[in-house]
Asker: 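Following this message is one structure expressed as structure tokens.
Positions are given from 1, in the same order as the sequence printed here. For ligands, and for the atoms within them, numbers begin at 1 and follow the listed sequence.
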Amino acid sequence: MNLSALYQIFLDCQLVTTDSRNCPEGSLFIALKGESFNGNAFAGKALETGCAYAIIDEPEYAVEGDQRYILVDNCLQTLQQLANYHRRQLGTRVIGITGTNGKTTTKELISAVLSQSHNILYTLGNLNNHIGVPSTLLRLKAEHDLAVIEMGANHPGEIKFLSEIAEPDCGIITNVGKAHLEGFGSFEGVIKTKGELYDFLRKKEGSTVFIHHDNAYLMNIAGGLNLIPYGTEDDLYVNGRITGNSPYLTFEWKAGKAGETYQVQTQLIGEYNFPNALAAITIGLFFGVEAAKINEALAGYTPQNNRSQLKKTNDNTLIIDAYNANPTSMMAALQNFRNMEVPHKMLLLGDMRELGAESAAEHQKIADYIKECDFEEVWLVGEQFAAAEHSFKTYPNVQEVIKELETNKPKGYTILIKGSNGIKLSSTVDHF
Ligand code: ATP
Ligand code: MG
């Protein structure tokens, strides 16, 4: 079946699902494969429980004579092609977001701001890969006037690939830093891969790039683009300065030199969210959202999913950032915590994963930085931190941390909890 015929089926169904446990009536099932599952095997169940059609790529899973099975060469490719076709048919303006850190937060802030006066579609949670991006695009409806799409990468070429699916009209790279070095090979590899978004936009007529003017790495690779900068210099389109950080980010901002000054107290932890917020303001103004409404959206946004959340237990105050960690975000979180004016600071840090050959050196750098600070308690979890040179307490895994908390719980501390998701530091939260 050719793409336009498949697209007709998609239009009839309106909704795509790749999860046979969630098959809304009349939806289109696409059978994806993972390391430990084969979606083809669930096509029958999907049809039984509500799907109108099932796209499969292994003929033996079709029932002979049942027209609801549609055989294609490769289901994943079909999902991606349908998404791009749909995006083109609707012609909605797409804002693409990538970067090493802050993609999801920036995406959420931009979406909160734009929602004040637009009907927008945006990536749910962190669905930013070769499946999440097309799945998000397939949720686009004619009534959406903008789409905000998060694009993640851990290998070269991935952002090019995702850009060719989403075909953004506007783009933003939040920052470039050290993460997934295993996949990228080097920091240069990271810059080049994130820069694939700029490469795409450079070729697209009428495109716009929002850029953090203070970021030299980004400014370096931004030649030939239509740039809208934001930053701290006051002749820029949007600029601002941090006015408070204990613990919530508070700042003031204005548009250009002459703009009216706005103050905002966010519900975000971390000075590193300042550029993320400036990006959202810039994009809001660009798309015609009133400044006062932008401010309301920033003040009202509460982060979800363990991204810099504040939690008070009976005994302690926790700053939970246990969802991901890499050298750049770890350093940003530590610097922010160091500057925070709160008494009795404690760290619970987990290993940063996927750093390949640079892992030992990067863990050592973090350990050395912590030595310079005067945190009252430091607990490190994981083999990489254990192998670094320092005299802090180490734990092989979170089970050991929880054991310690059961007998010897610290009390009266503000505790920064940060590590790669795989270390599972979030499971310690209820024990503090
Ligand atoms: P992922 O790669 O998991 O999708 P992400 O890029 O979407 O991550 P967020 O989830 O928004 O990033 O934030 C993750 C963490 O990155 C934050 O909790 C914080 O520690 C750090 N971070 C966020 N914004 C910045 C920034 N502008 N600069 C440096 N670090 C940041
Ligand atoms: Mg994300």
Asker: Only heavy atoms of N175, strictly under 4.0 Å: list the atoms of ligand 1 that pass.
Answerer: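 Within the 4.0 Å cut-off of N175, ligand 1 contributes 26 (C), 27 (N), 28 (N), 29 (C).
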Asker: Under 4.0 Å from any heavy atom of E150, which atoms of ligand 1 are there?
Answerer: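 Answer for ligand 1: 4 (O), 7 (O).
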Asker: Quick one, W379 with F392, criterion ring-ring contact (aromatic ring centres under 6.0 Å, His included). Give me CA distance, side-chain angles, the key distance, then yes/no.
Answerer: CA-CA 6 Å; W379 295 10; F392 303 122; over 10 Å; no
Asker: Can you establish whether the number of heavy atoms outside Y217 located under 6.0 Å from its atom OH is more than 12?
Answerer: no
Asker: Is there a donor-acceptor contact under 3.5 Å linking the side chains of N126 and T104?
Answerer: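 N126 vs T104: donor-acceptor pair found between side chains.
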Asker: Can you list the ligand 1 atoms lying under 4.0 Å from a non-hydrogen atom of D321?
Answerer: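 Those of ligand 1 that fall under 4.0 Å from D321 are 17 (C), 18 (O), 19 (C), 20 (O).
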Asker: Please determine whether N126 has a backbone or side-chain N, O or S atom lying under 2.8 Å from the Mg ion (ligand 2).
Answerer: yes
Asker: Ligand 1 and H180, any nitrogen or oxygen pair closer than 3.5 angstrom?
Answerer: no
Asker: What atoms of ligand 1 come within less than 4.0 Å of a heavy atom belonging to Y323?
Answerer: 3 (O)
Asker: Just which atoms of ligand 1 are under 4.0 Å from any heavy atom in T105?
Answerer: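 Selected atoms, number and element: 9 (P), 11 (O), 13 (O).
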Asker: Could you tell me, atom by atom, which parts of ligand 1 come under 4.0 Å of a heavy atom of K103?
Answerer: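 In order of numbering, the contacting atoms are 1 (P), 2 (O), 4 (O), 5 (P), 6 (O), 7 (O), 8 (O), 11 (O), 12 (O).
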Asker: Establish, yes or no, whether the cationic atom of K345 lies under 6.0 Å from the six-membered ring centre of Y413 and within 45° of the ring axis.
Answerer: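 No, K345 does not sit over the ring of Y413.
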Asker: Evaluate the ring planes of F210 and F286, with Trp represented by its six-membered ring, and classify them as parallel (under 30°), tilted (30 to 60°) or perpendicular (over 60°).
Answerer: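 Perpendicular, since the angle between the ring planes exceeds 60°.
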Asker: Could you list which atoms of ligand 1 come closer than 4.0 Å to a heavy atom of N128?
Answerer: 4 (O)
Asker: Just go through N276, N101, L278, N324 and tell me whose heavy atom is the nearest to atom 15 (C) of ligand 1.
Answerer: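 Nearest heavy atom to atom 15 (C) of ligand 1 lies in N324.
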Asker: Should T100 be listed as contacting ligand 1, given a heavy-atom distance under 4.0 Å as the test?
Answerer: yes
Asker: Taking both backbone and side-chain atoms of P275, is any N or O found less than 3.5 Å from an N or O belonging to ligand 1?
Answerer: no
Asker: For E150, what is the atom name of its N, O or S atom nearest to the Mg ion (ligand 2)?
Answerer: OE2
Asker: Between N22 and D19, is there a side-chain donor-acceptor contact under 3.5 Å, judged purely by atom types and distance?
Answerer: no
Asker: May I ask you to check whether Y230 and F274 place their ring centres under 6.0 Å from each other?
Answerer: no
Asker: Classify the angle between the aromatic ring planes of F184 and H180 as parallel (below 30°), tilted (30 to 60°) or perpendicular (above 60°).
Answerer: perpendicular
Asker: Please list, in number order, the atoms of ligand 1 under 4.0 Å from a heavy atom of K418.
Answerer: 20 (O)
Asker: Looking at the Mg ion (ligand 2), is there an N, O or S atom belonging to T105 that lies under 2.8 Å away from it?
Answerer: no
Asker: So, for F10 and Y85, is the gap between ring centers shorter than 6.0 Å?
Answerer: no
Asker: Answer with yes or no whether the side chains of Q364 and D368 bring together a donor and an acceptor at under 3.5 Å.
Answerer: yes
